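Notes for the one structure printed next.
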2 protein chains.
Amino acid sequence: MPVTVLLVDDEPLVRAGLRAVLEAQPDIEVVGEAADGAAVIPLVRRLRPDVVAMDVRMPLLDGIEATRALLRTVDAPPKILVVTTFENDEYVYGALRAGADGFLLKRARPAEIVHAVRLVAEGESLLFPASVRRLAAEYGEEGGNRAARAVLERARLTEREGEVLRLMARGLTNAEIAARLVVGTETVKSHVSAVLAKLGARDRTQAVIAAYESGFVAPG
Amino acid sequence: MPVTVLLVDDEPLVRAGLRAVLEAQPDIEVVGEAADGAAVIPLVRRLRPDVVAMDVRMPLLDGIEATRALLRTVDAPPKILVVTTFENDEYVYGALRAGADGFLLKRARPAEIVHAVRLVAEGESLLFPASVRRLAAEYGEEGGNRAARAVLERARLTEREGEVLRLMARGLTNAEIAARLVVGTETVKSHVSAVLAKLGARDRTQAVIAAYESGFVAPG
DNA sequence: GACCCGCTCCCCCGCGCGGGGGAGGCGGGT
DNA sequence: ACCCGCCTCCCCCGCGCGGGGGAGCGGGTC
C-alpha cells in the first residue's frame, strides 16, 4: 500500500511541483490538495492521508494553527511535514512545537523531498535535515566553533541560550546549570524553554541530539 | 589555592604511584591516604579534600558503598573519582550510579590522571574518558557498527538495551519506544533503567550524550 | 533438577521537567 | 521618549521520568 499525501499550500505552483515530484514515485500517492489551513481538517477527515505536506505561511489559518487544530481534533492524525522557503523561519519552529514531525525546504532536491515524505510516513521525525547537518562540514574542521556560531545564528539562539544548551549537552540538570551560571533555576527554565522552542525540540534530550547533529557540540 | 586530594586504595603501591604523579603538580596536593572504604568518612571530615580518588574493589567497605555513605553523611562532599583497573568493571557503573563524578583507569598516562583530577575538581563529570571515546576511531570509519558493537560489549548492554538506547538517541519517549518495539511502557522503563545503570548515566539525556561520545551513535 | 540471565510486565512514589502565563530591569536602536 | 530584545525571576499545573521493589517465563549452563 502506497504512502498517501495531502498537499497544503496557498501557491498552486508549489502544489503542482510537489505533486509532480511525489507522483513520480510508485509508492507515493497525492490524494488531495488544499489552498489554506482552514480547509485541511475536513479534507483529512475524508481522505485520511498518511502525510500532510503543510506550508507554514498561509492565509486564513497558518501552518502552526492548522497543525495544532489537526492534532487536537482528529484522531489518528496524519504525519505533518512542514514546508517552508526559509531555513530560518521562526514559524517553522512554532509548527514543530505544535506537533509537526519534520520540516522540508522548498528548494530541496526532489530526492530529498521524496525521502522526507517516506521518513515521516514511517514515523521518523525530521527535525534536522541534511542541509543543517552539513553545516559543520562546510565550515571545515579548522573552523573551530565557527560552525557552532553558524548554527547559533540559524536557530537564532542568544548567547545565553547557547551557553545553556552547551551545559544541557554535558548532562547537567536545570539546578546544576543555574548553579554554574549563578542565576535562579527559573531563569534557566526560561532559557531551556526558549532553546526547545527555537530548535523545535520536545524535551532536553531532543535538544542535545540537535546539538550533536548540527555540530553545535562535537563528540570527543 | 591548590586542589587537595585524598587517596583511597588498599594497595600501597597504587597510592604511592598516584601520590608521585599528583604531587609533581604544583597546583595539586595529596592531603591524606586511606587503605579501605571504612576509613574514608572520618578522614574526609577532618581533611576536607576537594577530590577523593577512590578504588572500587576494597576490603571492609568497597568504593560503591563508601561513595554512597560519603554523599549521604557528609555535607559539601568532595568530588569522587573512581579508580579502577578494568574498563569493564560493573562496580564502576555502580559507583557512578552512587554519585561518583568520574572514573579513571589505573593504566592511564600521568597526564591523563592529572587532567582527570583537575576536571572533577572544577565540577566537570568524567563519565567517558578519552580511552572510551577513541573506540570509534580505533575501529575506523569502514568498521560500520563494529565500534558500536564494541561499546555495547564494554558496557555489557544486551541487544534489547542497545535497541532502546538507539531509540532514546533519536529523541523518542518511553511510550514511543514501546510502540516501536511493540512492548509495554513498563518494559521500556526497565530497559531504560538498565541502560542508565550500565552507562553510569543519571537520566536519558546523559545516556544519549554517552551514546554520541562513545560512538555508539554518530551525528549526520 | 537447580541456577542464572534476558525479556516481559506490574506496583507505588517523588520529583524534575516542560507548558503557559506574567513581570520587571536594562541596554540599544530609531 | 519610545519600543524592543535579552536576561532575570515568579506563579500554577500536569505528566513523564526514574528509583525501588517484585514476578513470571523461556533458554541456556552446570
Side-chain angles (χ1 to χ4, degrees), chain A residues 64-65 67-68 71-72 88 90 93-99 152-153 155-169 171-210, chain B residues 64 68 71-72 90 93-94 96-99 152-153 155-169 171-210:
Chain A
I64 302 175
E65 290 305 323
T67 298
R68 214 187 304 272
L71 295 179
R72 202 176 48 227
N88 227 348
E90 296 111 341
Y93 302 120
L96 293 172
R97 293 296 302 148
L152 260 179
E153 287 162 18
R156 297 184 191 282
L157 289 188
T158 68
E159 191 180 346
R160 204 56 159 171
E161 288 160 1
E163 289 184 71
V164 170
L165 176 56
R166 226 177 285 274
L167 294 173
M168 278 195 270
L172 305 196
T173 63
N174 288 339
E176 289 169 342
I177 295 173
R180 190 72 66 94
L181 298 182
V182 200
V183 296
T185 58
E186 296 300 326
T187 302
V188 174
K189 286 180 64 178
S190 294
H191 292 314
V192 169
S193 291
V195 169
L196 298 185
K198 290 183 178 179
L199 294 181
R202 189 171 47 191
D203 48 48
R204 67 201 299 110
T205 305
Q206 287 195 351
V208 169
I209 293 170
Chain B
I64 301 175
R68 214 187 305 271
L71 295 179
R72 202 176 48 227
E90 296 110 341
Y93 303 119
L96 293 173
R97 293 296 301 150
L152 258 181
E153 287 161 19
R156 297 186 192 282
L157 290 188
T158 68
E159 191 181 345
R160 204 54 158 172
E161 289 159 1
E163 291 184 69
V164 170
L165 176 56
R166 226 177 286 273
L167 293 174
M168 277 194 269
L172 304 197
T173 63
N174 289 338
E176 288 168 344
I177 295 173
R180 190 71 65 94
L181 299 181
V182 200
V183 296
T185 57
E186 297 299 327
T187 303
V188 174
K189 284 179 64 178
S190 294
H191 292 313
V192 169
S193 291
V195 169
L196 297 185
K198 289 182 178 180
L199 294 181
R202 189 171 48 191
D203 48 47
R204 67 203 296 113
T205 304
Q206 287 195 350
V208 169
I209 293 170

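Remember, it's a predicted structure, so these values are computed and weren't measured experimentally. Computation of the quantities below employed the complete heavy-atom set of this structure, encompassing side-chain atoms and omitting hydrogens, waters and symmetry-equivalent molecules. Every chain is numbered from 1, with letters handed out A, B, ... down the list of sequences.
- Regarding contacts with the backbone of D/dG18, every side-chain N or O of B/R202 stays at 4.0 angstrom or more from both OP1 and OP2.
- In this structure, CZ of B/R204 is placed 20 Å from P of C/dC15, rounded to the nearest angstrom.
- If you check D/dG18, C/dG6, D/dC7 against the side chain of B/T158, the one that comes closest is C/dG6.
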**Study point:** Chi angles and distances behind the salt bridge (charged side-chain N to carboxylate O under 4.0 Å, His left out) call for B/R160, B/E163
**Key:** CA-CA 5 Å; B/R160 204 54 158 172; B/E163 291 184 69; 3.2 Å; yes
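- With sequence neighbours excluded, no residue forms a side chain to side chain contact (heavy atoms under 4.5 Å, CB included) with A/A179.
- Contact of the A/T187 side chain with the A/L181 side chain is not registered, since no non-hydrogen atoms from C-beta on lie closer than 4.5 Å.
- Every residue meeting the side chain to side chain contact (heavy atoms under 4.5 Å, CB included) condition with B/A194, not counting sequence neighbours, appears here in chain and number order: B/E161.
- As a whole-Å value, the separation of B/E159 CD from D/dG27 C1' is 15 Å.
- A search for side chain to side chain donor-acceptor pair (under 3.5 Å) contacts involving B/E186 returns nothing, not counting sequence neighbours.
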With the criterion being N/O to N/O and under 3.5 Å, what pairs connect the protein with nucleotides 27-30 of chain C, and how long is each?
none

Could you pull out the protein-nucleic contacts involving nucleotides 8-13 of chain C (nitrogen or oxygen on both sides, under 3.5 Å)?
| residue | atom | partner | partner atom | Å |
| --- | --- | --- | --- | --- |
| C/dT8 | OP1 | B/R160 | NE | 3.3 |
| C/dT8 | OP1 | B/R160 | NH2 | 2.8 |
| C/dT8 | OP2 | B/R160 | NE | 3.0 |
| C/dT8 | OP2 | B/H191 | NE2 | 2.8 |
| C/dC9 | OP2 | B/G184 | N | 2.5 |
| C/dC9 | OP2 | B/T187 | OG1 | 2.5 |
| C/dC9 | O5' | B/T187 | OG1 | 3.3 |
| C/dC9 | N4 | B/S190 | OG | 2.8 |

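- Atom CG in A/L157 sits roughly 15 Å away from atom C1' in D/dG5 (whole-Å rounding).
- For the side chain to side chain contact (heavy atoms under 4.5 Å, CB included) test, no residue two or more places apart in sequence or in another chain qualifies with B/S190.
- At the phosphate of D/dC17, OP1 or OP2 sits under 4.0 Å from a side-chain N or O atom of B/N174.
- B/R180 places no side-chain N or O within 3.5 Å of a backbone atom of B/V164 that could act as its donor or acceptor partner.
- Whole-Å rounding puts the B/Q206 CD to C/dG16 P distance at 14 Å.
- Rounded to an integer number of Å, the gap from CE of A/M168 to P of C/dG16 is 17 Å.
- Here the nucleotide nearest the side chain of A/T173, chosen from D/dG18, C/dC17, C/dC7, is C/dC17.
- The separation between A/I177 atom CD1 and D/dC7 atom P is 14 Å, rounded to whole Å.
- Using a 4.5 Å heavy-atom threshold, the side chains of B/T205 and A/M168 count as separate.
- Here A/E176 contributes atom CD and B/R202 contributes atom CZ; the two are 4.0 Å apart, rounded to the nearest 0.5 Å.
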